[in-house]
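The residues of the chain are indexed from 1 along the displayed sequence.
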Amino acid sequence: MLFKRQLGRRHLHLMIHQHLESLHLGKCSSCMTDAVIKLVQIRCKKLKKLDLSRCNRLTSYAMSIALSYLPKLVYLNLYSTNCTDEVLGTIGAICVQLRDLNICKTHVTDKGIVSLCGGGNGIHGCKKLLSLDVSFNPRVTINGVKHALRQLPNLRQLLHNDVCDALVVLHEEAFKEGKTTTPYQLRSGTVNDFVVPVSFLEIVDLVCPNLEYIFVLNENLEGDVLQHISRLARLRNLSVSCTDSVVPFSEGLMSLLASVGRGLETLTLYGYDDIDVIAIGQSCPNLKTLTLESCHGFKLEHPQTVIPTALFGNLKSLRLGVEVISNTLEPTLPNSLKIVLEGGRQIENIEITNVEGFTDELFRQVLNQNSFQKLREFALIDCNNITGSSMFELLEGKNDLQRLVMLNCKEVMRRDYDQMMKVVASEHFQLDITWT
């Protein structure tokens with residue numbers, strides 16, 4: 001860290017040499033001037049990766065000139081710089097080997113997108129682009145997004161708020177012309193974790209059959225929309241927000257998981273009041289990350305017929321956050337948590353928030369079944385029925401614990417924290433403990 005604070009322009013002059021293939025200058029933004037970027041253009045003819053993120057002291061002119069000398073670039077990050085349409089014109093004409101370009105929060109417009117992607121003014125464009133981030137650029141409209149989709153057939157990721165709407169318009173235009181929509185190669189069906197519109201979900205399997213991530217509303221998991229999402233055979237990451245209970249968990253989400261659950265590695269659920277973790281574990285045997293946020297209630301169907309340790313065997317991360325739940329549902333939550341924890345023998349990260357039913361007795365039962373040998377981070381927040389004794393049992397276990405967090409857990413006292421710190425010091429543990 002000290003080195004970063006002392007790094008100055010004279011150090012950059014020493015670092016920038018003719019054999020460099022990768023140069024990340026985002027951390028040195030205060031030192032980056034037109035003179036420094038000129039040095040890059042003169043010396044670094046072999047450069048393949050260049051990160052200028054936040055280097056907003058660079059003028060667009062100097063940036064454009066420098067990039068005209070760097071035709072071998074495959075990665076370029078211009079996040080929050082003075083990148084303009086003229087710079088994109090240079091990139092589209094010279095840097096045709098680019099695979100990954102970030103121009104988020106810059107000054108570009110639709111005109112620049114045309115210059116970058118080709119299809120106008122005789123410029124070939126960066127046809128090999130796989131990832132393009134044009135988010136937070138208000139002057140790039142849906143027309144610019146449509147042009148990028150048309151001209152860049154290999155795109156795996158396109159970040160802009162109008163992507164889904166653009167795909168819908170392109171599909172409708174093809175339909176009116178009597179043509180079949182050529183499937184796009186995009187892997188993500190959302191941007192910045194925005195819920196995608198129903199109009200896109202109604203054609204999702206037709207326009208983006210290779211989607212790996214999507215964020216939808218629970219209320220849309222029915223009828224034709226559910227059928228279209230269920231055909232996404234490559235889905236790996238699914239987020240669902242439950243804003244109402246019109247579509248029950250057992251009918252909407254479980255119907256979807258029956259189709260795509262085996263391939264899922266990440267599942268994030270918001271606001272549900274009828275989560276069945278047994279059903280999730282059975283439908284998603286390869287799940288690595290499970291996040292249950294702002295949950296109101298849980299249920300368990302036929303728990304006596306299930307062997308808990310047979311579920312969640314590949315889980316590496318669990319995050320559970322609970323809102324106020326009624327007394328009638330509260331007994332189900334501890335059992336649900338117990339099932340996940342006992343089966344998660346590969347788990348590395350655990351965060352549990354506001355679970356009153358997480359007690360010493362419950363945790364000891366879990367530890368009898370699962371020693372958490374691979375556990376690295378464990379965080380408890382507002383869990384008021386767990387005491388320091390349970391945390392000592394965790395410290396004494398055979399695990400890889402590196403970070404322990406206990407925030408606002410009323411039964412974990414200051415004396416517990418002090419004693420834990422003494423144990424860490426005496427045993428020379430590489431462990432960071434946070435307590436409030």
* Structure fact -> For S283 and M254 the tightest heavy-atom approach is OG-CE, 3.2 Å
* To do: Let me see the working for V74 and D100 under side chain to side chain contact (heavy atoms under 4.5 Å, CB included), right down to the final yes or no.
  => CA-CA 6 Å; V74 295; D100 191 326; over 6 Å; no
* So does Y69 have more than 12 non-hydrogen atoms from other groups sitting under 6.0 Å from OH? -> no
* Asked: Do the ring planes of F358 and F363 sit parallel (below 30°), tilted (30 to 60°) or perpendicular (above 60°)?
  -> perpendicular
* side chain to side chain contact (heavy atoms under 4.5 Å, CB included) assessment of L407 paired with D382 -> CA-CA 6 Å; L407 303 181; D382 294 316; over 6 Å; no
* Asked: Within the side chain of N82, is there an N or O that forms a donor-acceptor pair under 3.5 Å with the backbone of L58?
  -> yes
* To do: Please name all residues satisfying ring-ring contact (aromatic ring centres under 6.0 Å, His included) with F372, sequence neighbours left out, ordered by chain then number.
  => none
* Any idea which heavy atoms bring C95 and C126 closest together, and the distance? -> O-SG, 3.3 Å
* Asked: With a 4.5 Å heavy-atom cut-off, do R150 and L170 have their side chains touching?
  -> yes
* Do S250 and K299 have side chains that get closer than 4.5 Å, going by heavy atoms? -> yes
* **Ion pair check, R236 and E212, cut-off under 4.0 Å** => no
* Asked: How long is the gap from CG on N349 to OG on S317, to the nearest 0.5 Å?
  -> 5.0 Å
* Approximate separation, where rounding is to 0.5 Å, of K316 NZ and L287 CG -> 12.5 Å
* Could you give the distance from CD1 (I352) to CD1 (I381), rounded to the nearest 0.5 Å? -> 10.0 Å
* K38 NZ: over 12 foreign heavy atoms closer than 6.0 Å -> no
* Structure fact -> Rounded to the nearest 0.5 angstrom, the CG-SG distance for L217 and C242 is 9.0 Å
* Given side chains that start at C-beta, do those of F378 and R403 come closer than 4.5 Å, heavy atoms only? -> no
* Asked: Below 4.5 Å, heavy atoms only, C-beta onward: do L401 and R376 meet side chain to side chain?
  -> no
* Check whether more than 12 heavy atoms from other residues, nucleotides or ligands sit under 6.0 Å from atom CD of Q402, and answer yes or no. => yes
* What distance separates H147 NE2 from T141 OG1, expressed to the nearest 0.5 Å? -> 11.5 Å
* Identify the heavy atoms of K72 and K46 that sit nearest to each other, and give their distance. => CD-CA, 4.4 Å
* Any donor-acceptor pair under 3.5 Å from H160 side chain to V140 backbone -> yes
* Asked: Does the N154 side chain pair with the main chain of L130, one donor and one acceptor, at a distance under 3.5 Å?
  -> no
* To do: Could you check if a side-chain atom of L186 sits within less than 4.5 angstrom of a side-chain atom of L158, using non-hydrogen atoms only?
  => yes
* Residue from V204, V169, V168, L167 passing side chain to side chain contact (heavy atoms under 4.5 Å, CB included) with S199 -> V168
* Structure fact -> side chain to side chain contact (heavy atoms under 4.5 Å, CB included) with S371: of K374, Q373, Q369, only one passes, and it is Q373
* Under the side chain to side chain contact (heavy atoms under 4.5 Å, CB included) rule, what do I280 and L311 come out as? Steps first, then yes or no, please. => CA-CA 9 Å; I280 292 175; L311 303 176; over 6 Å; no
* To do: Spell out, as yes or no, whether a donor-acceptor pair under 3.5 Å connects the side chain of D85 to the backbone of G112.
  => yes
* To do: Answer yes or no: is there an ion pair linking E173 with K146, defined by an N-O contact shorter than 4.0 Å?
  => yes
* To do: With the side chain counted from C-beta on, respond yes when L341 and N370 share a heavy-atom pair under 4.5 Å apart, and no when they do not.
  => no
* Asked: How long is the gap from CG on L206 to OG1 on T182, to the nearest 0.5 Å?
  -> 12.0 Å
* To do: Could you tell me whether the side chain of R319 and the main chain of T353 form a donor-acceptor pair under 3.5 Å?
  => no
* What are the two closest heavy atoms between I229 and L221, and how far apart are they? -> CD1-CD2, 4.0 Å
* To do: Take H107 and C83 through the test side chain to side chain contact (heavy atoms under 4.5 Å, CB included) and record every step on the way to the result.
  => CA-CA 6 Å; H107 307 289; C83 177; over 6 Å; no
* Structure fact -> Per side chain to side chain donor-acceptor pair (under 3.5 Å), S64 is matched among T59, T84, T90 by T90
* To do: Compare all side-chain heavy atoms of L50 with those of N77 and state whether any distance is below 4.5 angstrom.
  => no
* **Results of ring-ring contact (aromatic ring centres under 6.0 Å, His included) for Y272 - residues two or more places apart only** => F249
* Return yes if some donor-acceptor pair links the side-chain N/O of W435 with the main-chain N/O of C409 below 3.5 Å, else return no. => no
* Taking atom types as modelled, find out whether K127 and Q151 have a side-chain donor-acceptor pair closer than 3.5 angstrom. => yes
* Asked: Judged by atom type as modelled, is there a donor-acceptor pair below 3.5 Å linking the side chain of H228 to the main-chain atoms of E202?
  -> yes
* Asked: After noting the C-alpha distance and the side-chain angles of K128 and Q97, does the key distance pass the side chain to side chain donor-acceptor pair (under 3.5 Å) rule?
  -> CA-CA 6 Å; K128 296 183 179 181; Q97 302 300 319; 2.9 Å; yes
* Do F200 and F215 make the cut of ring centroids closer than 6.0 angstrom? -> no
* Is the backbone N or O of T106 less than 3.5 Å from a side-chain atom of N137, with the two atoms forming a donor-acceptor pair by type? -> yes
* **Exceeds 12 heavy-atom contacts within 6.0 angstrom, atom CZ of R99** => yes
* Where is the tightest heavy-atom contact between G92 and V96, given as atom of each residue plus distance? -> O-CG1, 3.7 Å
* 4.5 Å side-chain heavy-atom contact, L47 and L73 -> yes
* Asked: So, does D276 use its side chain to make a donor-acceptor pair with the main chain of F298 at under 3.5 Å?
  -> no
* Structure fact -> On a heavy-atom basis, the closest approach of C117 and L152 is SG-CD1, 3.6 Å
* Asked: Quick one: does N314's side chain have a donor or acceptor within less than 3.5 Å of a partner on P285's backbone?
  -> yes
* Asked: Would one find more than 12 heavy atoms of other residues, nucleotides or ligands at under 6.0 Å from atom CZ of R262?
  -> no
